[in-house]
Amino acid sequence: MQQVKIFDSIFRMWDRLPLIIKAMVSGAFVSSIGVFTWGGMLSLFPGPWVILPMVFILWLFWKVFSGNWGRKDCKEIRKENFRLTKLVPFVWKWGLMGAILFVVIIQSAFVITFRLIEFPAEKFTADYKLLDSFPQWIAWLVLIMSSVVAGVCEETGFRGYMQVPLEKRYGPVLGIVLTSFVFTLIHIGHTWAFPILPHIFFASVLLGILAYRSGSLIPGIIGHSILDIFDYSVWWSDLTGGFVKKTIFKTGIDIHFIVWILIFLIALFGFFWIIGKLKRDKVHQ
C-alpha cells in the first residue's frame, strides 16, 4: 500500500511538470533505453553474438513504443508519439528520397568542413577503438548494428517522443529547434563532437523536418542509420582508410573541394524540394 502511494505521488509530480520538461526527459529516456542496452551488451560480450539478441530487443522496443504492446491506458499517446507506421506509396517514395539526400547533405558537409580545417583523426576514432580489435567482417556487422540501433532509438526518442508533444504545444518550428538543441547536447560528450556541433544540430533539424512533413519516423530512421554507417566506417574508424585529404589552405581550392560544394548545394535544394512535395494533407490520406 505504501508503494502505491509513493508511485501515485511520483505520477502527480510528473503531471505537474511543464510539458517542455516532460517531453525532453521522455525523449531522452526512450532514446537511451536502446542505445545504452546495446552499448552495455557490447561492452560485456564484445563480438557478433550480441547482434541477434539486440535485434530481438529492437523488435520489442518497436512494439512497445509504437503503441502495439504495453499498457492500454497510454496506448494512443505512444502511437501518436511514434507517428505513422503504415505509409502510402507517395510517402514511401518521397520519404526515402529525402532520407538519401539527408545522408548526402551531412556527408558532404563533413567533407567540406575538413577541407577547411584539419581533420582530427585521433579524436574522431577515440570512442570506437573496440572496432579495431575485431576482424573486419565482425567490425562491419557491429558497425551496422550500432547504426541501426542509433537510427531506431534516437529517432523514436527525439523525433518521436520529444518532438511530437513540442510540435503540438509550440508548433513545428520551435518543436524541431528545441529537439535539435537537446539532441546536440546529448552528443556533446563524444570526443568527436566539438568540431561538428553545427553539423549535429543541422542534421537534427533536417530529420525533424522530414519526420514532421512525412508524418513518420521511418524515413528518418532509414536516413539516420545509413548516415551512421558512413560515419562509423569513414570518420569514426579506419575501416575504409579514413579521411586523408589536406585542407585547401595547403592544397589550394581544387576540383575535389568544388565538386563537394556542388554536391552539398544540389542535395540541399533537392531535400527541400522533396519536403515541399510531402504536404501533410497527402501524407495522411
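Because only heavy atoms are used, hydrogens play no part in the values below, and waters and symmetry mates are left out as well, while side chains stay in. All figures in this text were calculated on a predicted structure; none of them were measured in a lab.
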(request) Output the distance between atom CD1 (I229) and atom OG (S146), rounded to the nearest 0.5 Å. (result) 10.0 Å

(message) Show every salt bridge (charged side-chain N to carboxylate O under 4.0 Å, His left out) that has at least one partner inside residues 143-155, sequence neighbours left out.
(response) E155-R159

N/O donor to acceptor pairs below 3.5 angstrom from side-chain atoms of residues 40-59, sequence neighbours left out:
| unit_1 | atom_1 | unit_2 | atom_2 | d |
| --- | --- | --- | --- | --- |
| S43 | OG | G39 | O | 2.9 |
| W49 | NE1 | F45 | O | 3.3 |

(request) For atom NZ of K86, decide whether the heavy atoms of other residues, nucleotides or ligands shown that lie under 6.0 angstrom number more than 12. (result) no

(request) Look at the rings of W192 and H187 and say which category their plane angle falls in: under 30° parallel, 30 to 60° tilted, over 60° perpendicular. (result) tilted

(message) Would you say that more than 12 heavy atoms from the other residues, nucleotides or ligands in this model lie under 6.0 Å from the CD1 of I253, or not?
(response) no

(request) State, yes or no, whether a side-chain contact exists between F264 and V111 at a heavy-atom distance under 4.5 Å. (result) no

(request) Could you tell me how the ring of F82 sits relative to the ring of W62: parallel (under 30°), tilted (30 to 60°) or perpendicular (over 60°)? (result) perpendicular

(request) Output the distance between atom CG (L239) and atom CH2 (W140), rounded to the nearest 0.5 Å. (result) 6.0 Å

(request) Could you grab the distance from atom OG1 of T113 to atom CD1 of I106, nearest 0.5 Å is fine? (result) 9.5 Å

(request) Determine the minimum heavy-atom distance between L143 and L131, stating which atoms define it. (result) N-CD2, 4.4 Å

(request) Specify the closest pair of heavy atoms between I117 and P195, including all atoms of both residues, with the distance to one decimal. (result) CD1-CB, 4.5 Å

(message) Side-chain heavy atoms nearer than 4.5 Å, only ILVMFWY residues, links allowed to pass through others: does that put V244 and I112 together?
(response) no

(request) Count the heavy atoms of every other residue, nucleotide or ligand shown that sit under 6.0 Å from CZ of F230, and state whether that count exceeds 12. (result) no

(request) For F124 and F110, run ring-ring contact (aromatic ring centres under 6.0 Å, His included): C-alpha distance rounded to whole Å, both residues' side-chain angles, the deciding distance at 0.1 Å, then the answer. (result) CA-CA 12 Å; F124 265 60; F110 282 169; 7.1 Å; no

(message) Applying salt bridge (charged side-chain N to carboxylate O under 4.0 Å, His left out) as the test, list every pair that has at least one member in residues 243-253; sequence neighbours left out.
(response) E118-K250

(message) Let me confirm one number: the NE2-CD1 distance from H256 to I261, rounded to the nearest 0.5 Å.
(response) 11.0 Å

(message) If hydrophobic clusters are built from ILVMFWY residues whose side chains come within less than 4.5 Å, do I144 and I100 share one?
(response) no

(message) Holding to salt bridge (charged side-chain N to carboxylate O under 4.0 Å, His left out), I want the full list of residues that pass it with D254, two or more places apart in sequence or in another chain.
(response) R115

(message) Determine whether a donor-acceptor pair (N or O, by modelled atom type, separation under 3.5 Å) exists between the side chain of R83 and the backbone of G160.
(response) no

(message) Taking the side chain as everything from C-beta on, heavy atoms only, tell me whether F158 gets closer than 4.5 Å to S180.
(response) no

(message) Walk me through whether I221 and H224 qualify under side chain to side chain contact (heavy atoms under 4.5 Å, CB included).
(response) CA-CA 5 Å; I221 287 171; H224 193 148; 5.8 Å; no

(message) Using side-chain heavy atoms (C-beta onward) and a distance below 4.5 Å, is F114 in contact with I196?
(response) yes

(request) Inspect the surroundings of CZ in F36 and state if more than 12 heavy atoms from other residues, nucleotides or ligands are less than 6.0 Å away. (result) no

(message) Is it true that, when you exclude F181 itself, more than 12 heavy atoms of the residues, nucleotides or ligands shown sit nearer than 6.0 Å to its CZ?
(response) no

(message) Between N81 and F65, is there a side-chain heavy-atom distance shorter than 4.5 Å?
(response) no

(message) Same cluster or not: I266 versus L210, using hydrophobic residues (I, L, V, M, F, W, Y) connected whenever any side-chain heavy atoms lie under 4.5 Å apart?
(response) no

(message) Using 0.5 Å steps for rounding, measure from the CG atom of L206 to the CZ atom of F271.
(response) 4.5 Å

(request) For residues P219 and L87, report the shortest heavy-atom separation together with the two atoms involved. (result) CD-CD1, 4.3 Å

(message) Does anything in residues 94-110 form a side chain to side chain donor-acceptor pair (under 3.5 Å)? List the pairs, not counting sequence neighbours.
(response) Q107-D231, Q107-W235

(message) Restricting to side-chain hydrogen bond (donor to acceptor under 3.5 Å, both in side chains), what partner residues turn up for N68, sequence neighbours left out?
(response) S66

(message) Between D127 and T191 (side chain of the first, backbone of the second, donor and acceptor by atom type, cut-off under 3.5 Å), is there such a pair?
(response) yes

(request) Determine the minimum heavy-atom distance between A203 and F102, stating which atoms define it. (result) O-CE1, 3.5 Å

(request) Is it possible for you to say whether I209 and V177 belong to one hydrophobic cluster, with membership spreading through side-chain heavy-atom contacts below 4.5 Å? (result) yes

(message) For L166 versus M162, what's the shortest heavy-atom pair and its separation?
(response) CG-O, 3.3 Å

(request) Please examine the side chains of V64 and R78, heavy atoms only from C-beta on, and report whether any two atoms are closer than 4.5 Å. (result) yes

(message) Using side-chain heavy atoms (C-beta onward) and a distance below 4.5 Å, is M145 in contact with V142?
(response) no

(message) Quick check on the hydrophobic clustering: are W260 and L268 connected, directly or via other members, by side-chain heavy-atom contacts under 4.5 Å?
(response) yes

(request) State, with a plain yes or no, whether a side-chain heavy atom of W92 is found less than 4.5 Å away from one of I218. (result) yes

(request) Report yes or no: does T240 contribute a side-chain atom to a donor-acceptor pair with the main-chain N or O of S233 at less than 3.5 Å? (result) yes

(message) Looking at A28, is its backbone amide N or carbonyl O close enough to the side chain of S31 to form a donor-acceptor pair, meaning the two atoms are under 3.5 Å apart?
(response) no

(message) Within this structure, what is the CZ-CD1 distance for the pair F269 and I105, rounded to the nearest 0.5 Å?
(response) 12.0 Å

(request) Give a yes or no on whether the backbone of I176 and the side-chain of T179 come within a donor-acceptor separation of less than 3.5 Å. (result) no

(request) Could you tell me whether the side chain of F257 reaches within less than 4.5 Å of the side chain of L116, counting heavy atoms only? (result) yes

(request) For residues V148 and S225, report the shortest heavy-atom separation together with the two atoms involved. (result) CA-OG, 3.7 Å

(message) Using the rule given for side chain to side chain contact (heavy atoms under 4.5 Å, CB included), can you reason through K93 versus K277, listing the C-alpha separation, both sets of side-chain angles and the distance that settles it, and then say yes or no?
(response) CA-CA 11 Å; K93 179 176 74 171; K277 289 282 187 182; over 6 Å; no

